[in-house]
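These notes are about the structure you will find just below.
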Amino acid sequence: VISVTSTCGGAGKTSFSLILARLLQQKRKRKVLIISMSLLYDIGKYFVHDNEHPCRTLNEYLYHLFAGEAPENSLSLYIMKDRFGVSSFCLPDGVSELPGLERTEMERFIDSLSRSEQFDTLILDLDNSVSEVTAMIAERSEIMFVLSPYGEDTEKVTGRWCTHILDQCLEGPGTMRIVVNEEGKEEDRLRFDTNLDRKEGYGSRMKSFSVPYDPHSFFVSDGACQISMTGSFAAAIDSIIKEVISFA
């Protein structure tokens with residue numbers, strides 16, 4: 001399990017999660033399922049499914065799971081893919097029920113996906129809530145990326161957020177990495193903390209990845225937002241994969 005969250009609004013969280021998933025799928029040959037915790041499941045806009053074969057939704061998966069069934073045995077019926085082969089759940093009808101799950105329910109959901117053995121990596125695209133569910137996901141994650149815009153104040157907020165999550169963990173959490181991200185602006189920098197502890201100040205211990213301004217990394221095609229797999233944004237995330245994800 002890999003989780004991605006942001007402490008200050010969007011901060012490029014969804015684009016980071018998506019490029020991370022695509023790079024693991026394409027360059028590391030891992031089968032990846034990306035799961036959005038958004039109420040409106042916003043990551044689904046990057047995916048398509050075969051209209052000739054109706055796709056069951058994430059909410060239906062949750063219904064069957066908590067009814068005592070084993071929807072993981074037919075997981076392919078709930079899945080759609082993007083053009084790079086990354087999988088995601090079909091769009092829920094209306095509001096997604098996933099963000100409303102309690103800790104034990106979320107554990108059952110992750111355990112169910114693990115039992116399917118269809119994917120090598122699960123990427124959870126989280127909101128920025130400080131909750132026992134987020135803490136549980138931190139425990140289950142081999143690595144958790146915490147995105148924050150650059151700046152002294154936002155770094156302090158990120159430090160406090162991480163401390164709150166660590167305090168709620170019942171067991172030892174997986175590895176956490178702070179990623180400071182200013183995508184789409186000149187003199188971009190993408191960097192992450194290599195030695196996270198409970199202090200609020202991170203600046204002196206940040207390892208920096210330079211991301212030159214690249215107007216082609218984010219563009220609109222056929223009326224939809226797209227992210228380049230060959231732009232500097234993807235290249236920076238690829239560098240992070242090489243640095244911190246040992247199984248890749």
Quiz prompt | Donor-acceptor under 3.5 Å (Gln168 side chain, Glu132 main chain) | solution = yes

Quiz item: Between Ser239 (side chain) and Ala235 (backbone), is there a donor-acceptor pair under 3.5 Å?
Solution: yes

Quiz item: Looking only at heavy atoms, which two atoms of Glu60 and Cys55 are closest? And how far apart?
Solution: OE1-O, 4.4 Å

Self-check item: Ile165 to Ala138 - nearest heavy-atom pair and separation
Solution: CG2-CB, 4.0 Å

Self-check item: No-hydrogen, no-angle side-chain donor-acceptor test under 3.5 Å, Ser38 and Ser36
Solution: no

Quiz prompt | For Val4, the option from Leu18, Leu147, Leu126, Leu124 that meets side-chain contact (heavy atoms from CB on, under 4.5 Å) | solution = Leu147

Quiz item: Looking only at atom types and distance, does a side-chain atom of Gln25 sit under 3.5 Å from a main-chain N or O of Val32, one as donor and one as acceptor?
Solution: yes

Quiz prompt | Considering all heavy atoms, the nearest Met136-Met106 contact | solution = CE-CG, 3.3 Å

Self-check item: Asn59 side-chain N/O to Glu97 backbone N/O, donor-acceptor pair under 3.5 Å
Solution: yes

Quiz item: Taking it one step at a time, do Thr121 and Leu33 satisfy side-chain contact (heavy atoms from CB on, under 4.5 Å)?
Solution: CA-CA 6 Å; Thr121 303; Leu33 174 65; over 6 Å; no

Exercise. Drop me the distance from Asp167's CG to Thr163's OG1, to the nearest 0.5 angstrom.
Key: 6.5 Å

Quiz item: Does the Ser87 side chain pair with the main chain of Lys81, one donor and one acceptor, at a distance under 3.5 Å?
Solution: no

Quiz item: Which heavy atom in Asp127 sits nearest to a heavy atom in Thr5, and how many Å separate them?
Solution: O-OG1, 2.6 Å

Self-check item: Short side-chain to backbone donor-acceptor contact, Ser131 and Thr134, under 3.5 Å
Solution: yes

Exercise. Enter the distance from Ser112:OG to Leu65:CG here, rounded to the nearest 0.5 Å.
Key: 5.0 Å

Quiz prompt | Straight-line distance of Ile2 CD1 to Phe145 CZ, nearest 0.5 Å | solution = 6.5 Å

Quiz item: Do the charged groups of Arg115 and Asp111 touch, with an N to O distance under 4.0 Å?
Solution: no

Quiz item: Is it the case that Arg22 places NZ or CZ above or below the six-membered ring of Phe84, under 6.0 angstrom from the centre and within 45 degrees of the axis?
Solution: no

Quiz item: Is atom CZ of Phe66 surrounded by more than 12 heavy atoms (other residues, nucleotides or ligands) closer than 6.0 Å?
Solution: yes

Quiz item: For Ile35, does its backbone N or O pair with a side-chain atom of Asp125 as donor and acceptor, under 3.5 Å?
Solution: no

Quiz item: Could you give the distance from SG (Cys162) to CE (Met144), rounded to the nearest 0.5 Å?
Solution: 8.5 Å

Practice problem: Report the distance from atom CG of Leu23 to atom CG of Asp238, rounding to the nearest 0.5 Å. | Solution: 5.0 Å

Quiz item: How many angstroms lie between CG in Leu101 and CG in Leu62, if you round to the nearest 0.5 Å?
Solution: 5.5 Å

Quiz prompt | Residue pair Leu91, Thr57: steps toward the side-chain contact (heavy atoms from CB on, under 4.5 Å) verdict | solution = CA-CA 6 Å; Leu91 296 172; Thr57 68; over 6 Å; no

Practice problem: Take atom CD of Glu102 as the centre, draw a 6.0 Å sphere, and report whether it contains more than 12 heavy atoms from other residues, nucleotides or ligands. | Solution: no

Exercise. Of all the heavy-atom pairs spanning Asn128 and Ser6, show the shortest one and how long it is.
Key: CB-O, 2.6 Å

Quiz item: Checking Ser114 side chain against Ile110 main chain: does a donor-acceptor pair fall under 3.5 Å?
Solution: yes

Exercise. Start with the C-alpha distance between Ile123 and Leu24, add both sets of side-chain angles, then the distance that settles side-chain contact (heavy atoms from CB on, under 4.5 Å), and finish with yes or no.
Key: CA-CA 10 Å; Ile123 296 181; Leu24 289 175; 4.2 Å; yes

Practice problem: Please report the shortest heavy-atom distance between Ile137 and Ser3, naming the atom on each side. | Solution: CG2-CB, 3.8 Å

Self-check item: Check: Val146 main-chain N/O paired with Trp161 side-chain donor or acceptor under 3.5 Å
Solution: no

Quiz item: Aromatic rings Phe89 and Phe109: how do their planes relate, parallel, tilted or perpendicular, breaks at 30° and 60°?
Solution: tilted

Quiz item: Hey, mind stepping through Ile19 and Phe233 against side-chain contact (heavy atoms from CB on, under 4.5 Å) and telling me if it holds?
Solution: CA-CA 9 Å; Ile19 292 297; Phe233 185 69; 4.2 Å; yes

Exercise. Using a 4.5 Å cut-off on heavy atoms from C-beta on, say whether the side chain of Leu39 contacts that of Ser96.
Key: no

Quiz item: Do the side-chain N and O atoms of Ser17 and Thr14 include a donor-acceptor pair separated by under 3.5 angstrom?
Solution: no

Quiz item: In terms of side-chain geometry, is the basic nitrogen of Lys31 or Glu117 positioned less than 4.0 Å from the acidic oxygen of its partner?
Solution: no

